[in-house]
2 protein chains.
Amino acid sequence: MVNAEPDSKSRLRLWLRLLKTSRGIEATLRERLRVEFSSTLPRFDVMAALMRHEEGLRMSELSGVLKVSNGNVTGIIERLVEDDMVERVAVKGDRRATKVRLTKGGKIHFAKLAEAHEAWIDELLNAFAAEDADYLSAQLQTVEDQTYD
Amino acid sequence: MVNAEPDSKSRLRLWLRLLKTSRGIEATLRERLRVEFSSTLPRFDVMAALMRHEEGLRMSELSGVLKVSNGNVTGIIERLVEDDMVERVAVKGDRRATKVRLTKGGKIHFAKLAEAHEAWIDELLNAFAAEDADYLSAQLQTVEDQTYD
DNA sequence: GAAATTTATTTCAAGTATAAAATATTTAAG
DNA sequence: CTTAAATATTTTATACTTGAAATAAATTTC
């Protein structure tokens, strides 16, 4: 028995499924961050990146890590600074650059967000046993090298 | 041999991988829609939904299908109407409602977008044979029921 | 070492996105 | 019928996002 359907159809279905799944999870995370912490996913992403870099990151490094535009990061950082979650630090030797890092309060706040976040993901993806999750991650990893920016 | 790492870590890694993969593909699609068609992903999504409903959709049906807010759809439709891709049609019997549907030009334009879109996905996901893609889709499907809005 | 180029960041214009408030209309209740 | 409640949509305020232009500072070139 031959299958008349081209592979492209299966790939298209996979893409639509991938999109639906990730958008669904994202929507749930957004909602919970908003309701339970008056926060947002972009703020969470920025703080997570800064958490992994105690010493701080330049604005351009941050936008590189998060793969978003410079101007975008400027705006999010502005609001995080207003809320005393993040502080700007001058870079000695280069007056064009600024480093940003979490404040003490920012670290404390993020720890709470991160704990809740991990629990939410654990709940939303509980259909996957650890082995299945690892296998799926590996499968998805293979796409990575395909995507060029 | 026991594994000290809790399942939640595997699930978190899966989520981060899922997010990275879909954002990567989305970024590529956005870029190509912009460069090759001066269009955007939200416009594509709206037009795709309208293509599947020849007779048109109410604004609220459209936001339901796309899972985005009413106000959001209002804005996207406004711009599509300006470009003569979409037209508003009065709903007889209910003066509150409006149906929107693709114009003839909108259908012609969307056909080009859709063809390019499918080819891009086929290229970006070529690492997956049809069977692998179908299997992955099925795996991801299991998450669906977990996500509540 | 002054001029040209590159680099780091912000500003800007336009589009996307949400939740909440406002409008307009229809339906239900009394 | 007339008020109250529900429904469909738009408007508003705020945040996020991008690419491109502007600004400022550092580096390279002649």
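Throughout, a chain's letter reflects where its sequence line sits, starting with A, and its residues are numbered from 1. Model, not experiment: these values are computed from the prediction.
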Practice item. With sequence neighbours left out, write down each residue that passes salt bridge (charged side-chain N to carboxylate O under 4.0 Å, His left out) with B/Glu61, or none if nothing qualifies. Key: none
Point to revise | Lys/Arg N to Asp/Glu carboxylate O, B/Arg32 vs B/Glu123, below 4.0 Å | key: yes
Exercise for review: Could you check whether A/Ser60 gets within reach of a base, just the sugar-phosphate, or nothing at all, counting any heavy atom under 4.0 Å?
Suggested key: sugar-phosphate
Exercise for review: Quick one: label A/Glu61 by what it contacts on the DNA or RNA (base, sugar-phosphate, nothing), any heavy atom closer than 4.0 Å.
Suggested key: nothing
Point to revise | Position toward the 5' end of DNA chain D (nearest nucleotide), B/Ala97 or A/Gly71 | key: B/Ala97
Practice item. For A/Arg30, report the nucleic acid contact type (base, sugar-phosphate, nothing); a contact means any heavy atom under 4.0 Å. Key: nothing
Check your understanding: Looking for any heavy atom pair under 4.0 Å, which part of the strands does B/Arg34 touch: base, sugar-phosphate only, or nothing?
Key -> sugar-phosphate
Exercise for review: Kindly give the heavy-atom pair with the smallest separation between B/Val100 and B/Leu50, and that separation in Å.
Suggested key: O-CD2, 3.5 Å
Revision key, fill the gap. From CG of B/Leu41 across to P of D/dT18 the rounded distance in Å is 13 Å
Check your understanding: Between A/Glu55 and A/Arg101, does at least one N-O distance fall below 4.0 Å, as a salt bridge requires?
Key -> no
**Study point:** Charged N-O contact under 4.0 Å between A/Arg23 and A/Glu26
**Key:** no
Check your understanding: Looking across every strand, which nucleic acid part, if any, lies under 4.0 Å from B/Glu26 by heavy atom: base, sugar-phosphate, or nothing?
Key -> nothing
Point to revise | Positional range of nucleotides in DNA chain C within the contact set of chain B, heavy-atom, under 4.0 Å | key: C/dG15 to C/dT26
Point to revise | Distance in angstrom units between A/Leu66 CG and D/dT18 C1', rounded | key: 15 Å
Check your understanding: Between B/Lys99 and B/Glu87, does at least one N-O distance fall below 4.0 Å, as a salt bridge requires?
Key -> no
